[in-house]
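Worksheet for the structure shown next.
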Amino acid sequence: MKTFLPLLVLLALCQPALAFWNYCGTCGFRPMASYHGTSRVVGGVSAQPGAWPWIVSIQQAVGAGMGHICGGSLISSQWVLTAAHCFVGTGRTYYVLAGITYFNKPGPEAQLRHVRRILLHRGYDNDTMSNDIALLELDQPVQCGYQVQLACVPDASLHVAELTNCWVSGWGATRARAGDLPLGLQEARVYLIDLNICNSSHWYAGAIHSHNLCAGYPQGRIDTCQGDSGGPLVCQAKNADYFWLVGVTSWGTGCARVRKPGIYTSTQHFYRWILVQMGLYPCLG
Ligand code: 4AZ
């Protein structure tokens, strides 16, 4: 015991510095948020490096380089949760970039991975956009750090509608008409909108499914847009400092329009599907 004690003391002393380095233990925490102070997407602002440490950019080869196509969220060191519609009609090779904020300034924790498998939900329907969810298995795990952390997927027991501090993030278009993507990650606070309101006649008129979430603003102006798909809608847990990955950016009528908020796939409805795909629920598979 005597010989181990100094090591334990050393470990305890180093704890603050080691706590988040190469450790993918606890999901939903934002180690850099406390560092920066808490604080297109259309109508958002530039996110600080590491502000949303689970977000990844899903890219594919374009000519000699690579291009961003969708967002995604790390839910384990080797699995990314994203949208099925990102992968329709293309048989290309995909890559995942983790730990980045600016595409032109990758930073110390940037990590590129190949996609080993793409698992689309079998019920995904391109016309109705139902079951717009997919999982990507990476060829190698990412290393967690200050700017790379896992998102928490809630099960059916979470009362999502009660959560009020909700945020979207992504490298999608910052203006509805111009297709230009920003170089830096954008973030915006959004509000969850009751599905009955969202489905009412002057809004989406019945197009929204029970496994969707609507989030944004009745008056528009702030919203996810093309290129944000697959990325995270997160809400802070009640009386706690971690976030739940409650939605995957799916679609919307245009971007930031009045009574046309963003539509998200509700992750808690697919909790079991996610576990089965990841091989964590073999008896149900
Ligand atoms: C898209 O095309 C897209 N305003 C994503 C989000 C929204 C609209 C379109 C929501 O990827």
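Since this is a predicted model, take the numbers as computed values, not measurements. Whatever order the structure lists them in is the order used to number ligands and atoms, beginning at 1.
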Check your understanding: How does Cys225 reach ligand 1, if at all, at less than 4.0 Å between non-hydrogen atoms: by side chain, backbone, both, or neither?
Key -> backbone

Review point. For ligand 1, which atoms sit closer than 4.0 Å to a heavy atom of Trp251?
Key: 7 (C), 8 (C), 10 (C)

Practice item. Please identify which atoms of ligand 1 are closer than 4.0 Å to at least one heavy atom of Cys255. Key: 4 (N)

Review point. Do Arg113's NZ or CZ and the ring of Tyr95 fall within the cation-pi criteria of under 6.0 Å and 45°?
Key: no

Exercise for review: Could you list which atoms of ligand 1 come closer than 4.0 Å to a heavy atom of Gly254?
Suggested key: 4 (N), 8 (C)

**Study point:** Test log, rule side-chain contact (heavy atoms from CB on, under 4.5 Å), inputs Val160 and Glu162
**Key:** CA-CA 5 Å; Val160 172; Glu162 293 175 6; over 6 Å; no

**Study point:** Separation between NE2 of His121 and CD1 of Ile274, rounded to the nearest 0.5 Å
**Key:** 9.5 Å

Review point. At under 4.0 Å between heavy atoms, which part of Asp223 makes contact with ligand 1: side chain, backbone, both or neither?
Key: side chain

Review point. Given side chains that start at C-beta, do those of Thr267 and Trp244 come closer than 4.5 Å, heavy atoms only?
Key: no

Review point. Taking only heavy atoms of Ser229, which atoms of ligand 1 are found under 4.0 Å from at least one of them?
Key: 1 (C), 3 (C), 5 (C), 11 (O)

**Study point:** Side chain Asn199, main chain Ile208, donor-acceptor under 3.5 Å
**Key:** yes

Exercise for review: Around atom 6 (C) of ligand 1, find the nearest protein heavy atom and jot down its residue, atom name and distance.
Suggested key: Thr224 OG1, 3.7 Å

Review point. Do Thr249 side-chain atoms and Gly231 backbone N/O form a donor-acceptor pair below 3.5 Å?
Key: yes

